[in-house]
**Q** 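Please read through the structure below; I'll follow up with questions.
Just so you know, residue 1 is the first one in the sequence shown, and it goes up from there.
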Amino acid sequence: MERREFTVPPQEGGQRMDRWLAEVCGDLSRSQIQALMEDGKVSAGGRPVNKKEKAVPGMVVEVVLPDPQPIEAVPQNIPLEIVYEDPSLLVVNKPKGMVVHPAPGNPDGTLVNALLYHCAGQLSGIGGAIRPGIVHRIDKDTSGLLVVAKTDAAHQALSDQMSVHAIHRVYHAVVYGNLREDEGFVEAPIGRDPRDRKKMAVTPVNSKYAYTGWRVLERFGNFTYIACQLKTGRTHQIRVHMASIGHPLAGDPVYGPRSCIRSLGGQCLHAKELGFTHPATGEWMRFDSELPGWFQEYLIRLRKESRNGSFE
């Protein structure tokens, strides 16, 4: 059970309590806040708060979130692009739009559901019932390579490599603007955005060290095609780091400009290269995936528009 406390600032008094809480909570909708109020999970000074009540400056409001209900991942016959497979692990090329593991709002149709069917239950149990075999994740709208562990020994070995930054990961992306240098890096801690719990941010508060190296591959004037090499693997790392230096990813609806490029269907980001030491054989394994069609088509469009001098 999670408890959150919020204090109404002087300038935000007078709003309906359900509306104000929906704004400050970030990850809860107004209807969810109202449901919590009806269940007596929202209080101020030890008394329940009514949804129509007005927020009073200085009021301390407590919101109690019940423990999430467990989600059971079930096998589903969903096509997968298997790049490599052996008794210890497999490497998958995840398509854009596929969620990695079940969660509220995405109970099925995920990579885990597909893996449970493909592997007939032969996945590492270290990730639990929801994330069996999952060593690392990529966002729903990011495509590209993932390594999945079939055995607990492989999972532990790959996780150890991840913790000491020994796994090679290179992503390709298109960002807004013209990067001044041909290569560089962002070394800045990432944690939950204190103003919006749905987002991550570069922040010194409750954050973890993060490092992203980048290299320019092609310039289009108002956009730049880059390769990013990760030393760490924080949530939304590339998206947050590039946005923090004024070059958010094209198509990113969360960290990009309000006039998001909707036609991309999410951030222009692909996990292109993946390398690791095989946990059973000790052999260095390296994989390189082709850019997906949507990414290649966008590059073609940018090349054409840069020649004609027009950009979206």
**Q** Would you say that more than 12 heavy atoms from the other residues, nucleotides or ligands in this model lie under 6.0 Å from the CD of Gln296, or not?
**A**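 Counting other residues, nucleotides and ligands, CD of Gln296 exceeds 12 neighbours.
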
**Q** Just by distance, do the side chain of Gln229 and the backbone of Gly213 share a donor-acceptor pair under 3.5 Å?
**A** no

**Q** Applying ring pair (Phe, Tyr, Trp, His ring centres under 6.0 Å), which residue pairs with at least one partner in residues 87-116 are found, sequence neighbours left out?
**A** none

**Q** Could you state whether Val91 and Leu123 fall into the same hydrophobic cluster, counting links through intermediate Ile, Leu, Val, Met, Phe, Trp or Tyr residues with side-chain heavy atoms under 4.5 angstrom apart?
**A** no

**Q** Begin from the C-alpha positions of Glu2 and Arg4 and carry the test salt bridge (Lys or Arg N to Asp or Glu O under 4.0 Å) through to its verdict.
**A** CA-CA 7 Å; Glu2 179 185 356; Arg4 302 181 188 175; 2.9 Å; yes

**Q** Among residues at least two apart in sequence or on other chains, which ones pass side chain to side chain donor-acceptor pair (under 3.5 Å) with Gln161?
**A**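 Testing Gln161 for side chain to side chain donor-acceptor pair (under 3.5 Å), a comparison that skips the adjacent residues, returns none.
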
**Q** Atom NZ of Lys304 and atom OG of Ser306: how far apart are they, to the nearest 0.5 Å?
**A**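 Those atoms lie 11.5 Å apart.
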
**Q** Salt bridge or not between Glu297 and Arg301? Use side-chain N to carboxylate O under 4.0 Å.
**A**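 No, Glu297 and Arg301 are not salt-bridged.
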
**Q** Establish whether Ile245 and Leu249 are linked, either directly or via other cluster members, by ILVMFWY side-chain heavy-atom contacts under 4.5 Å.
**A** yes

**Q** Donor-acceptor pair, Thr277 side chain versus Gly282 backbone, under 3.5 Å?
**A** no

**Q** Counting only N and O atoms by type, is there a donor-acceptor contact under 3.5 Å from the side chain of His155 to the main-chain atoms of Ile126?
**A** no

**Q** Rounded to the nearest 0.5 Å, what separation is found between the CZ atom of Arg307 and the CD atom of Glu305?
**A**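 Rounded to the nearest 0.5 Å, the CZ-CD separation comes out at 10.5 Å.
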
**Q** First locate atom NZ of Lys51, then atom CD of Gln34, and finally report the distance between them rounded to the nearest 0.5 Å.
**A**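 Spacing of NZ (Lys51) from CD (Gln34) equals 4.5 Å.
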
**Q** With hydrophobic residues grouped by side-chain heavy-atom distances under 4.5 Å, do Val42 and Val24 end up in a single group?
**A** yes

**Q** Would you call Ile78 and Met98 a side-chain contact if the rule is heavy atoms closer than 4.5 Å?
**A** yes

**Q** Under a 3.5 Å distance rule, please check whether His172 uses its side chain to pair with a backbone N or O of Ile226 as donor and acceptor.
**A**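 No, His172 side chain to Ile226 backbone: no donor-acceptor pair under 3.5 Å.
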
**Q** Is atom CD of Glu290 surrounded by more than 12 heavy atoms (other residues, nucleotides or ligands) closer than 6.0 Å?
**A**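 No - once you tally the heavy atoms of other residues, nucleotides and ligands closer than 6.0 Å, there are 12 at most.
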
**Q** Hey, what do you get for OG (Ser207) to CD1 (Ile190), rounding to the nearest 0.5 Å?
**A** 9.0 Å

**Q** Would you find more than 12 non-hydrogen atoms of other residues, nucleotides or ligands less than 6.0 Å from Glu181 atom CD?
**A**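 No - once you tally the heavy atoms of other residues, nucleotides and ligands closer than 6.0 Å, there are 12 at most.
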
**Q** Is it the case that over 12 heavy atoms from other parts of the model lie below 6.0 angstrom from the CZ atom of Arg180?
**A** no

**Q** Assigning hydrophobic clusters by single linkage (Ile, Leu, Val, Met, Phe, Trp, Tyr; side-chain heavy-atom cutoff under 4.5 Å), is Ile130 placed with Ile138?
**A** no

**Q** How long is the straight-line distance from OG of Ser124 back to CG of Leu158, given to the nearest 0.5 Å?
**A** 9.5 Å

**Q** Determine yes or no for a side-chain-to-main-chain donor-acceptor pair under 3.5 angstrom, with Gln237 supplying the side chain and Arg234 the backbone.
**A** yes

**Q** State plainly whether the residues Arg16 and Glu53 are in salt-bridge range, i.e. N to O under 4.0 Å.
**A**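 Salt bridge flag = no for Glu53 with Arg16.
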
**Q** Yes or no on salt bridge (Lys or Arg N to Asp or Glu O under 4.0 Å) for Glu273 and Arg169, after CA distance, side-chain angles and deciding distance?
**A** CA-CA 6 Å; Glu273 299 177 27; Arg169 286 173 296 158; over 6 Å; no

**Q** Let's go through Ile82 and His118 carefully: what are the C-alpha distance in whole Å and the side-chain angles of both, what is the deciding distance for side chain to side chain contact (heavy atoms under 4.5 Å, CB included) to 0.1 Å, and is it a yes or a no?
**A** CA-CA 10 Å; Ile82 306 295; His118 174 80; 4.1 Å; yes

**Q** Does the gap between the ring centers of Tyr255 and His236 come in under 6.0 Å?
**A**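 Centroid distance Tyr255-His236: below 6.0 Å, so yes.
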
**Q** Describe, in one word, how the ring planes of Tyr298 and Phe223 are oriented to each other, choosing from parallel (under 30°), tilted (30 to 60°) and perpendicular (over 60°).
**A**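 Geometry flag for Phe223 against Tyr298: perpendicular rings.
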
**Q** If we only count heavy atoms from C-beta on, is the Leu115 to Val92 side-chain gap below 4.5 Å?
**A** yes

**Q** Does the Thr110 side chain pair with the main chain of Asn113, one donor and one acceptor, at a distance under 3.5 Å?
**A** yes

**Q** Would Glu85 and Lys150 satisfy salt bridge (Lys or Arg N to Asp or Glu O under 4.0 Å), going step by step from the backbone distance to the final call?
**A** CA-CA 10 Å; Glu85 184 173 10; Lys150 285 186 171 183; 2.7 Å; yes

**Q** Got a second to check how far Asp252's CG is from Leu264's CG, nearest 0.5 Å?
**A**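 Between atom CG of Asp252 and atom CG of Leu264 there are 10.5 Å.
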
**Q** Determine whether Leu274 and Arg286 make a side-chain contact, defined as any pair of heavy atoms from C-beta on separated by less than 4.5 Å.
**A** no

**Q** Quick check: Phe220 with Tyr225 (ring centres under 6.0 Å apart)?
**A**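 Ring centroids of Tyr225 and Phe220 are no less than 6.0 Å from each other.
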
**Q** Please list, chain by chain and in numerical order, all residues satisfying side chain to side chain donor-acceptor pair (under 3.5 Å) with Asn178, sequence neighbours excluded.
**A**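 With sequence neighbours excluded, Asn178 shows a side chain to side chain donor-acceptor pair (under 3.5 Å) to Arg219, given in chain and number order.
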
**Q** Would you be so kind as to tabulate the donor-acceptor pairs closer than 3.5 Å made by side chains of residues 139-149, with sequence neighbours excluded?
**A**
unit_1	atom_1	unit_2	atom_2	d
Asp139	OD2	Arg239	NH1	2.9
Thr142	OG1	Gln267	NE2	3.0
Ser143	OG	His270	ND1	2.7

**Q** Crowded around Arg303 CZ? As in, over 12 foreign heavy atoms under 6.0 Å?
**A**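 Check passes, neighbour count above 12.
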
**Q** Applying a strict under-4.5 Å side-chain criterion to I, L, V, M, F, W and Y, I'd like to know whether Leu90 and Phe276 cluster together.
**A**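 Each belongs to a different hydrophobic cluster.
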
**Q** Is the number of heavy atoms from other residues, nucleotides or ligands under 6.0 Å of Tyr117 OH greater than 12?
**A** no

**Q** Residues in side chain to side chain donor-acceptor pair (under 3.5 Å) with Glu187, at least two apart?
**A**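 Once residues adjacent in sequence are excluded, the partners of Glu187 under the side chain to side chain donor-acceptor pair (under 3.5 Å) criterion are Tyr209.
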
**Q** Counting C-beta onward and ignoring hydrogens, is there a side-chain heavy-atom pair between Asp193 and Met200 closer than 4.5 Å?
**A**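 Heavy-atom side-chain distance check fails, nothing below 4.5 Å.
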
**Q** Mark yes or no for whether Asp39, through its side chain, and Lys41, through its backbone, hold a donor-acceptor pair below 3.5 Å.
**A** no

**Q** Checking Gln156 now: which residues fulfil side chain to side chain donor-acceptor pair (under 3.5 Å) with it, not counting sequence neighbours?
**A**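 Checked Gln156 against side chain to side chain donor-acceptor pair (under 3.5 Å); matches are Asp160.
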
**Q** Can Thr224 and Glu218 be counted as having a side-chain donor-acceptor contact under 3.5 angstrom?
**A**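 Side chains of Thr224 and Glu218: no pair found under 3.5 Å.
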
**Q** Side chains of Glu12 and Trp20: any donor to acceptor distance under 3.5 Å?
**A** yes

**Q** Test Asp288 against Lys272 for salt bridge (Lys or Arg N to Asp or Glu O under 4.0 Å), laying out the working first.
**A** CA-CA 6 Å; Asp288 192 330; Lys272 194 170 191 303; 2.6 Å; yes

